[in-house]
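Below: the structure, in structure tokens.
So you know, we letter chains A, B, ... as the sequences are listed, proteins then strands, and number each from 1. Computed from a predicted structure; not experimentally measured.
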Amino acid sequence: MRLLPSGSAALLVELDGLDDVLALYAALSAEPPHGVVDVVPAARTVLLMTDPAVTTLDAVADAVRATTPRPDAQAVGDRIELPVHYDGADLAEAAELLGLTPEGLVERHTGAEWTVAFCGFAPGFGYLTQPGEQWDVPRRASPRTKVPPGSVALAGEFSGVYPRESPGGWQLIGRTDVAVFDLHREPAALLRPGTRVRFVVAGR
Amino acid sequence: MSLTVLATGPLTTVQDLGRPGQAALGIGRSGVCDRASAGLANRLVGNPTDAAVLEVTFGGLAVRAEADLLVVTTGARCPGAPHAAPTVLRRGQELRLGPPASGLRSYLAVRGGIDVPPVLGSRATDLLAGLGPAVVATGDVLPVGTPVDPAPGVDLAPVPEPATGEVAVAVLPGPRADWFGDPGWAALTGQAWTVTSESNRVGLRLDGAPLERLRTGELPSEGMVRGALQVPPSGLPVLFLADHPVTGGYPVIGYVSDADVDTCAQLRPGQTLRLRAR
């Protein structure tokens with residue numbers, strides 16, 4: 001664990017990998033250190049934003065060092081099913097990049113549970129990982145200027161669902177009719193760190 | 001009680017202190033770009049610090065009071081506005097903000113606060129995420145809330161004007177300063193960066209001699225805070241302001257210290273910024 005300053009009001013905790021990130025995030029979000037207003041997990045890091053009027057970065061660093069990560073907490077998130085129409089524009093290409101047929105890709109995508117590791121990019125955009133499976137999909141060489149909302153996509157070790165229309169460079173394999181971000185719903189974000197997702201075939 | 005918008009200038013948005021505590025869901029804080037100026041505006045009309053104000057970019061806002069309202073502006077001083085001096089705007093009276101002589105962002109606070117419906121706990125317009133109230137448009141009728149705090153007995157708050165010309169702020173090494181090494185840090189702190197016209201609420205885009213990376217390769221996305229100096233492959237840093245992305249995949253060479261970000265939010269295109277190592 002490395003603690004790196006991020007300006008005068010935030011601390012970046014660098015860890016060895018995603019499992020360590022999730023375990024530390026679970027502990028820190030359950031009991032944030034005094035004066036911490038935001039805890040942001042990412043691929044290799046956890047960022048703690050503080051209120052400088054209330055605490056110091058040294059005090060927060062001490063609190064982080066004294067925190068016991070909770071690797072068990074990963075298994076306590078909500079569990080949801082997302083029906084997907086596997087008709088994405090990049091399905092064939094993504095399958096080929098993985099050495100699979102399109103049917104094989106769908107089988108693998110639906111075959112095991114995914115977990116939201118962290119969010120970012122846009123409100124409600126979750127980075128989903130499939131523990132034990134090695135996904136490694138390059139991004140598109142040239143990002144699309146418009147990706148339709150509900151698009152289910154792959155990039156690197158992650159799968160994701162675009163909450164709204166936005167530019168994007170991920171490989172599109174399908175789409176879901178479920179709104180992953182809806183301001184008129186509580187909570188607005190369906191995919192939160194720790195949420196477990198099972199993709200199911202909704203037809204092609 | 002309400003205000004009718006007669007003109008907006010280049011950009012007027014409703015802002016408050018934003019949405020802290022939701023970054024883990026990909027929802028950034030957003031809120032006012034210059035927190036100190038907006039906070040002063042609210043105090044001068046007896047509002048709580050989290051009341052919503054109008055953030056006016058480069059003047060041009062015109063409003064009509066539909067009731068007697070106590071108003072004030074802070075930040076960039078606009079001709080025609082009651083600057084740092086709370087004033088009653090009578091029902092039917094209009095207030096027109098001219099272009100400021102220095103600075104970029106002015107805050108118009110109304111006693112009672114701008115009372116548009118909150119979105120996810122805040123009335124801030126986040127232009128990057130597309131969250132919160134719509135950008136203020138001509139013809140909008142903005143509701144004004146009921147005052148809760150006592151009216152302050154202050155006629156005028158002496159405040160410095162935003163600087164013209166070159167501005168210097170303190171910079172701290174960022175988490176990826178080692179991607180640029182000593183030569184990169186020397187280049188960051190040793191030149192006057194020019195603020196470009198592509199700057200917005202997301203960030204100030206800086207032009208100058210590009211910073212060179214010592215390390216190549218990809219950085220996995222990581223959390224960002226306002227004040228970050230993120231360096232994309234062009235080598236030209238972007239200084240993140242209120243609507244910055246929650247996470248980013250380009251290395252952050254340094255951070256402008258939190259209090260100095262307010263100063264940076266008042267820089268206009270063409271002004272120069274020096275980043276002094278502290």
- Query: Has B:Tyr250 got more than 12 heavy atoms of other residues, nucleotides or ligands less than 6.0 Å from its OH?
  - Reply: no

- Heavy atoms under 4.5 Å from chain B: which residues of residues 46-55 of chain A carry them? A:Leu47, A:Met49, A:Pro52

- Task: Select one option (side chain, backbone, both, neither) describing which atoms of A:Glu186 are under 4.5 Å from chain B's heavy atoms.
- Result: neither

- Query: Are any of the side-chain heavy atoms of A:Phe181 and B:Leu131 separated by less than 4.5 Å?
  - Reply: yes

- Query: Between B:Val225 and A:Ala10, which heavy-atom pair has the shortest distance, and what is it?
  - Reply: CG2-CB, 3.3 Å

- Message: Show every ring-ring contact (aromatic ring centres under 6.0 Å, His included) that has at least one partner inside residues 171-196 of chain B, sequence neighbours left out.
- Response: none

- Message: Quick check against the 3.5 Å criterion: does A:Asp38 have a side-chain atom that pairs as donor or acceptor with the backbone of B:Pro20?
- Response: no

- Would you check if B:Leu172 and A:Ser8 make a side-chain contact, meaning some heavy-atom pair closer than 4.5 Å? yes

- Message: Counting only non-hydrogen atoms closer than 4.5 Å, can you tell me which residues of residues 139-158 of chain A sit against chain B?
- Response: none

- Item | Residues in ring-ring contact (aromatic ring centres under 6.0 Å, His included) contact with B:Phe240, at least two apart in sequence or another chain | B:His244

- Least distance between heavy atoms, B:Pro175 atom then A:Ser6 atom: CG-OG, 3.6 Å

- Message: For B:Arg176, which atoms come within 4.5 Å of any heavy atom of chain A: side chain, backbone, both, or neither?
- Response: side chain

- Query: In terms of heavy-atom pairs under 4.5 Å, which option from B:Ser221, B:Gly254, B:Gly28, B:Gly130 contacts chain A the most?
  - Reply: B:Ser221

- Item | Segment of A:Ala122 engaging chain B (4.5 angstrom heavy-atom cut-off) | backbone

- Closest-packed option against chain A by number of heavy-atom pairs under 4.5 Å, given B:Val246, B:Asp258, B:Asp260: B:Asp258

- For A:Glu133, does the CD atom have more than 12 heavy-atom neighbours from other residues, nucleotides or ligands under 6.0 Å away? yes

- Step through the shown structure and confirm whether more than 12 heavy atoms of other residues, nucleotides or ligands are within 6.0 Å of CD on B:Glu166. yes

- Item | Smallest separation among heavy atoms of A:Gly120 and B:Thr247, with atom names | CA-OG1, 3.8 Å

- Interchain contact, B:Val252 with chain A, by part (heavy-atom threshold 4.5 Å): neither

- Of all heavy-atom pairs between A:Arg164 and B:Ala129, which one has the smallest distance, and what is that distance? NH2-O, 3.0 Å

- Query: Any idea which heavy atoms bring B:Leu120 and A:Ala188 closest together, and the distance?
  - Reply: CD2-CB, 3.9 Å

- What's the shortest heavy-atom distance between B:Gly223 and A:Val40, and which atoms? CA-CG1, 4.4 Å

- Task: Taking atom CD of A:Glu107 as the centre, report whether more than 12 heavy atoms of other residues, nucleotides or ligands fall under 6.0 Å from it.
- Result: no

